[in-house]
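Notes follow once the structure below has been shown.
Below, each value reflects all heavy atoms present in this structure, side chains not excepted, and no hydrogens, waters or symmetry copies. Bear in mind that the values here come from a model prediction, so they are computed numbers and not experimental data. The chain is numbered in sequence order, starting from 1.
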Amino acid sequence: MSISVTLSDVTAAAKQQLSIIGKHHKTASGETLFSTATLSSLEESAMPTFAKSAAHIVVAELSPIITSFTESSSLTFEIDNTRWNNGLNSAFSAALQSYLIASTVQSVINMFAPDIAPKYTADAQHLLASLVKMAFTKQQPRTSSSAYNISATATVEDSEKNDGYSN
């Protein structure tokens, strides 16, 4: 399965979330963050880097199933999903994009409002944890068409006969 996330989509969604956060959070003096802080060109230009860093974390966490990763104007993940159920593909893709956005948002917040950043850092960490859990929730392997005959023998030594476990 291939999942491609455009960096411009991640940064646009992050800007929207930052705008909402700025509108609803207040400074110590009672003003909204929106009225006292705006995104500078430095923060805006750092957003794609933050999204790429988040993608690298995803690749590290999901390395057993990531078969390929490329980054350019899009982040493209090739994922071995042979043991997933059919409903997991779209949910996983959406969760991956949500994590990339949340991680970008929390990275920007750490730059200009470190006092509220821990809440958003925790949100991103929870999204990553759920992404990892979802990725490794697998169906059982299909049954083999050939049966296996297995036989074994066990030998109990004299010293083991009186250990309290034998009949």
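Qualifying ring pair (Phe, Tyr, Trp, His ring centres under 6.0 Å) partners for Tyr120, counting only residues two or more places apart in sequence or in other chains: His25. Among residues two or more places apart in sequence or in another chain, the side chain to side chain donor-acceptor pair (under 3.5 Å) test is passed with Lys119 by Asp123. For Tyr99, there are no ring pair (Phe, Tyr, Trp, His ring centres under 6.0 Å) partners, not counting sequence neighbours. Under the ring pair (Phe, Tyr, Trp, His ring centres under 6.0 Å) criterion, His126 pairs with no residue at all, not counting sequence neighbours. Ala46 meets the side chain to side chain contact (heavy atoms under 4.5 Å, CB included) test with Phe50; sequence neighbours excluded.
Atom CD1 of Ile109 sits about 11.0 Å away from atom OG1 of Thr104, to the nearest 0.5 Å. Note: Leu100 CG to Ile3 CD1 = 10.0 Å, rounded to the nearest 0.5 Å. Here the straight-line distance linking atom CD1 of Ile79 with atom CD1 of Ile66 works out to 4.5 Å at 0.5 Å rounding. Atoms OG and CD, from Ser130 and Gln125 in turn, are 12.0 Å apart once rounded to the nearest 0.5 Å. How far CD1 of Ile101 is from CD of Gln106: 13.5 Å, rounded to the nearest 0.5 Å. Ser68 OG to Asp80 CG: the interatomic distance, rounded to the nearest 0.5 Å, is 12.5 Å.
Classified by interplanar angle (parallel below 30°, tilted 30° to 60°, perpendicular above 60°), the ring pair Phe77/Phe69 is tilted.
Val5 is not listed as a side-chain neighbour of Ser74, based on a closest heavy-atom distance of 4.5 Å or more. In this structure, the side chains of Trp84 and Met134 stay at 4.5 Å or more apart for every pair of heavy atoms. Side-chain atoms of Asn81 and Ile65, non-hydrogen and from C-beta on, never get closer than 4.5 Å to each other.
Tested against Met47 for a side-chain contact (heavy atoms from CB on, under 4.5 Å), the candidates Val105, Leu18, Val10 yield a single pass: Leu18.
Formation of a donor-acceptor pair under 3.5 Å by the Ser107 side chain with backbone atoms of Ser103 is found in this model. Using modelled atom types, no side-chain atom of Asp115 and backbone atom of Ala117 make a donor-acceptor pair closer than 3.5 Å. Here the side chain of Ser45 pairs a donor or acceptor atom with the backbone of Leu42 at under 3.5 angstrom.
Among all heavy-atom pairs drawn from Ser4 and Thr76, the shortest one is OG-OG1, 3.2 Å. Among all heavy-atom pairs drawn from Leu127 and Ala102, the shortest one is CD1-CB, 3.5 Å. In this structure, Pro118 and Pro114 approach most closely via the heavy-atom pair CD-O, 3.4 Å.
Looking at Ser2 and Glu78, their side chains do bring a donor and an acceptor atom within 3.5 Å of each other.
Sorted by first then second residue, the salt bridge (charged side-chain N to carboxylate O under 4.0 Å, His left out) pairs that include residues 12-21, not counting sequence neighbours, are Lys15-Glu44.
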